[in-house]
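In what follows, chains are A, B, ... by sequence order, proteins preceding strands, each numbered from 1. Every value quoted in this text rests on a predicted model; they were computed, and no experiment measured them. Computation of the quantities below employed the complete heavy-atom set of this structure, encompassing side-chain atoms and omitting hydrogens, waters and symmetry-equivalent molecules.
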Amino acid sequence: MIKILIAEDDLGSRKFMQQFLKAYGECDMTVDGIETVDAFLLAWDEGEPYDLLCLDIMMPKLDGLKTLKIIRDLENDKHIPAEERVKIVMTTALNEQQTVYDAFDLGCEAFAAKPINQEKLREVLHNLGFDPIE
Amino acid sequence: MMPMEANLMALTWDSIADGIIATDTQGVIMDINTAALELIDIEWHEAVNQPLDKILSLHDETTDISLNGFWEKTLKEGKKVNLPRNTKLLGRNQDYYLAAKFSPIQRLGQPPQGVVVVFRDITQQKMHEEQLHLYRMALEQSPFSVVMTDIDNQIVYVNREFIELTGYGMEEVMGRDPGFLKSGSTPEKTYQRMWETITRDDVWQGEFYNRKKNGRYYWEKAIVAPITSPGGIINYYLAIKEDVTDQKAMEEELRRTREQADRNLKKSQYYMEQLENARRAANAANKAKSEFLANMSHEIRTPLNGIIGMIELTAATDLTREQQDNLDIIRICGNNLFSVINNVLDFSKIESGKMEIDRVDFDVQEWFMQSLLVHQAQATKKGIDLVAVLDPHIPNCLLGDAKLLQQVMNNLIGNAVKFTETGCVKVTMDYEGEEGGILWVKIQVKDTGMGIPKDELPRLFRSFTQLDGSITRRFGGTGLGLAISRQLVEMMDGTIRAASVEGEGSTFTVTLPFEQAMQQVDSLPENERSFMAASDIGQKWTILVVEDDPINQTVIRSLLKLKGYQIHCANDGKEAVSAWESLRPDLILMDIQMPAMDGIQATGAIREREKGQPSRTPIIALTAHAIHGDRERFLASGMDEYVSKPVEMDRLYHAINRLLDPPEEVGLKPLKQKRYTEPNNYLPVEAEQLMAKAVEGFIPDMFSLLDRLHQQLFEEDVDQIERLAHQVKNRAVTVGELDIKNQAFKIELAARKHALQDARSAYNALKQSFESYVSFAGQQMENIREGGK
C-alpha cells in the first residue's frame, strides 16, 4: 500500500484527487505548503515516508514551487538516492510555460494541468510505477 | 552810315520800352528816357544832373545790400556789366525786379565818354520764373517718383525721388525708354492696357514690379496720364509712381495670416466633427455597456439560479452518503460562484458608473437584524459569538439605500466571521449626531480574528488584492468585497476605515450620513415581524406562480411545495389573469419579464377586477433586473413586495410569510432585545485576553479544546474534528510544543480522510502529551512563585 500526500487548497480539487487516488493507496491531504512540508517530515521521522506527492502550485503560506524546492533540498541533505525520492506530480490551473520549466528544473516528475484529464493522469502514474490496486 | 536825324533819334530814345539812362564819366545823369522815368516814377527835371546811384536805387534782394557803383566798374573795365539776378529797383511807390546792363559810351579805341544803363522791369517774368520754380520743386522734391516721357516714350524728365528710388543717375536715363526698369515679372498685358488707356487720352492706374539699378526688386503703384498741348494733342506722358514694396509685403502677410486663420478654422471644424463623432460613439458604447451589463446580469444569473435551485431539490431527495457529500461540495461551489458573480457584476456596475444609490425609507432595526441573522449560523458553527448593539438614539427609520448598505454589512461581517476562529464578532451601530439635517451614524465591526499585517493595511480596500493570493484560495472570494464596500460607502458620502493588530483582531469602522426618513414608522407590532425564516408553516396556502421560464417554474414550485404550499402555475400574464379568476389563490408570485402580457400588466388587470371586492390578493414580483426605482414602480402598479432573482429562498419565504398571515414565531430568540440593553454574554475584554500567549492562558484553552475535540470524536463530525485539531495545532505552536503540534496535525490529516480510528488514537497520544506538559508547567509555575516570594 503506497502512501500518497495530496497538497491542494481547493476543496473541490482535493475531493477529486482523493477520489481518484484512493484507488492507488492511502491518501493524506494538506491544504498549504507549510503543512505539506510538515507532513512530509513527520512521515519521514516515523519511518513511513510518502511515495507519491501531488502538489498544487497555487497554495497559501508556501506555494507549490517553493515546497518542491524545500522537499528536494531536504532529500539532498539526507543524501537520499534518486530512486527512493518521493515522486512528485505538480498540478495547477495556471498555464504558464515559465512555471512548467521552473518546476521541472526543481525536480518534479510530471505536470498535470487542471481540469485534470483522468486518462492522462492514469498514464502518468503508470509511467511512474503506480497502478491502481485491484 | 548816315546818323539818324536828331529828332527821330530823340523820338526813338523816348519810344524805347526799356529804361535808358546815360551818365557822364562821373556817374551824373545826362539824359534819361521816358520809360526810365516811368519806371522810377520821377520827372525829368528831378533826375537830370543827379548822381545815377541816387536816382537808380538798386538793392540786391539776395544779399540785402544796396548796389551802386556799377557805372564805375563799367568805366574802369571798359566793358558791359550785368546786374545780379535778384536786383530790385526801389521805386517811389513800388519795387521792381530789374534786369539791367551797364555799357560804356565809347568809340572804338577812344576813352569812354560816359555810361549808359539799359534796364527793364522783369517782375512779371520773375513771378513766372518763381512759379515755374515752384512747379519744378514740387515735381522735383515730390515723395513720388515722377517720370515724363515724350510721345516716342523717351524720358524727358525724372525727379529726385526717381533717382533715389531706382539708383539710376539723371544722365543715365534721359532720352531712354523707361523699359529698362522692367523686371520681367509684370505681365505684358499690363503694359498693353496702359498704352491703350493713355493713348486714348485717359488716365491709367496700375502696378509694376520693377528692378532697381542694384538689382533689387520693388513694387510700384503708378498713375500715368497723358499731357496734352492746348490744341488737344498728346505730347507728353506723366507717370507718378509710389514705392509700395512694404505695403505689398504687409498685404502678403495679411493674406497669409488670413489663410492661416482659415486653415485653423477648418481644422477646428474638423476637430469638432471628430469630437461629435467620438461623443456619439462614447454614448453608444455607454449605452451598449449598460445593455451588456443588464443582459449579462440576467444571462449569468438565470442558469445559476437553475443550478442552485436544483441543488436544493436534489438535496431534498434520498441520497447516499457519498452523493450527499458531493452535493455539499457542489452547493458550496455554487454559492461561491454566486457571490463571486455578484461581486464581479457589482464591480462592473460601479466601475461603469451605473450603480445608483436609492433613497428609500427603511426600518433601521429590521435592517440591522437582517444583516446579522445571515451570519448567525456560520458563527455558531465556528463557535464564535456574534454580538450586536444598536444605539437607541438612532431614529426608527432613516432614508438611504438599505440594500447596498446591507451588502457592505454582509461583506464586513462575513469577513469578520470568516477570519475569526475563536472569540467574538461585535457589530455596533451608534448615533454620532446631527448636522444640518444630516444624521451621522457609525457602524463598527470588531473581531478577534487573525488580524491584518500593518504593511497590508493600505492595500486593503483596493480592488483585486487580497493579502496574499493564498487567502483567496484559502478563504475564497475575488478580493473585490472590500473594494466594492469602499466604493459603495464613498458613493453614499461616507467613510470606511480599518484598524488591526496582527494576531489579535480587526476593527472596521463605517461612518455614514443619512437623511431624515419621510415618515417615521413605529416598529411594526411583534406579530407582524418575523425576521427569522419560519421553518415550518403547516398551513395549506394556495400560491399561484407566474413564470415563463420552465426551469425557474419547476424550481420554485418544488421548493414551495416542500414547505407545504399548494402550487399552481401560469406561463404568462394572460394565463395568470385567468388562473387567478378561477383559482383565487392566497398569494401570487409574479415574474415581471414575460412574453404576451408582462407581470405589471397582469397585476394591473387583476387589481382592476378586484375593485369593489373586499379581499386583495397579495402579489410578490420576481425580477432579474433590480434597478433604481423598480421597487416604487412595482408598488405603484399594485404589487405588494418584490424579490430579486436569482431567488434566495429565505427571502422569498420571509416575504410570503409577511404577506400571508404568519403563525406565532418559531426559531431563534428575537435579537431585538439587544436594542436597549447590552447582552450579558458579550466579552470584549476577555476576547483579547484569550490571545494571551501566557502559559496560564494556553492551558485552560487546551482543556476546553480537547474537551470539545473529544466530544466531536464521539459525534464523528469530521469537519469539526479537523477544525478543532487545527486550532490545537496552532496553539501548540505558540508555546513551542512540537509533540502536541504533530499529534494535532495527525488528527487533522485523519479527519480529512475520514479515518476516525486514526484520529482517535492520535487524540489519545495528544492527551497524554498534554497531561505531561501540564504537570511540567505546573511545576515551573510553582518554582517561579517560590522564587518570587
Side-chain angles (χ1 to χ4, degrees), chain A residues 1 3-46 48 50 53-67 91-94 96 99 114-115, chain B residues 321-337 340 419 450 453 466-477 479 718-719 721-723 725-726 729-730 732-733 738-755 757-759 761-762 765-766:
Chain A
M1 186 75 133
K3 279 188 77 173
I4 304 168
L5 180 58
I6 302 171
E8 172 61 65
D9 68 315
D10 176 55
L11 180 59
S13 305
R14 196 159 69 230
K15 262 287 155 80
F16 170 81
M17 292 299 279
Q18 196 214 9
Q19 292 285 2
F20 182 85
L21 290 169
K22 71 181 183 200
Y24 289 77
E26 180 82 35
C27 297
D28 277 335
M29 286 168 287
T30 50
V31 302
D32 64 49
I34 307 256
E35 275 194 3
T36 309
V37 175
D38 276 348
F40 178 77
L41 285 170
L42 197 57
W44 221 357
D45 287 339
E46 296 191 343
E48 291 179 353
Y50 291 102
L53 166 59
C54 284
L55 189 51
D56 181 30
I57 291 196
M58 293 296 273
M59 283 194 297
K61 302 233 175 105
L62 206 61
D63 69 45
L65 287 177
K66 293 201 186 88
T67 310
T91 64
T92 181
L94 295 179
E96 283 164 23
T99 319
K114 292 188 212 170
Chain B
R321 187 64 211 269
E322 198 170 335
Q323 285 172 328
Q324 192 84 267
D325 283 346
N326 288 351
L327 200 64
D328 280 339
I329 295 176
I330 299 174
R331 183 192 280 117
I332 292 172
C333 290
N335 288 339
N336 280 347
L337 187 60
V340 164
F419 292 106
M450 53 189 275
Q466 278 192 331
L467 299 188
D468 66 84
S470 63
I471 300 277
T472 315
R473 252 90 31 212
R474 194 165 136 211
F475 292 105
V718 287
D719 284 334
I721 294 170
E722 184 188 339
R723 216 179 56 82
H726 187 82
K729 182 178 86 173
N730 283 347
V733 169
L738 283 176
D739 280 337
I740 298 180
K741 175 207 161 194
N742 283 340
Q743 277 140 12
F745 188 35
K746 276 180 147 171
I747 301 175
E748 236 188 310
L749 290 174
R752 282 182 196 154
K753 55 183 179 181
H754 296 238
Q757 205 47 49
D758 291 345
S761 12
L766 177 74

Using side chain to side chain contact (heavy atoms under 4.5 Å, CB included) as the criterion, list what pairs up with A:Leu21, not counting sequence neighbours. A:Ile4, A:Ile6, A:Met17, A:Tyr24, A:Cys27, A:Leu52, A:Cys54, A:Leu125
Using heavy atoms and a sub-4.5 Å threshold, report which of residues 747-755 of chain B line up against chain A, by residue number. B:Glu748, B:Leu749, B:Arg752, B:Lys753, B:His754
Rounded to the nearest 0.5 Å, what separates atom CD in A:Glu26 from atom CG in B:Asp758? 7.0 Å
If I measure from the heavy atoms of chain B, does A:Glu46 come under 4.5 Å with its side chain, its backbone, both, or neither? side chain
Output for pair (B:His726 NE2, A:Glu35 CD), nearest 0.5 Å, gives 6.5 Å
When rounded to the nearest 0.5 Å, the distance separating NZ of A:Lys15 from CG of B:Asp328 is 8.5 Å
Who among A:Leu11, A:Leu42, A:Asp63 has the most heavy-atom pairs with chain B under 4.5 Å? A:Leu42
Below 4.5 Å, heavy atoms only, C-beta onward: do B:Phe745 and A:Thr30 meet side chain to side chain? yes
Spatial distance of atom NZ (B:Lys746) from atom CG (A:Asp38) [nearest 0.5 Å]: 13.0 Å
So for B:Ile332, is it side chain, backbone, both, or neither that comes closer than 4.5 Å to the heavy atoms of chain A? side chain
In terms of heavy-atom pairs under 4.5 Å, which option from A:Gly12, A:Ala39, A:Gly33 contacts chain B the most? A:Ala39
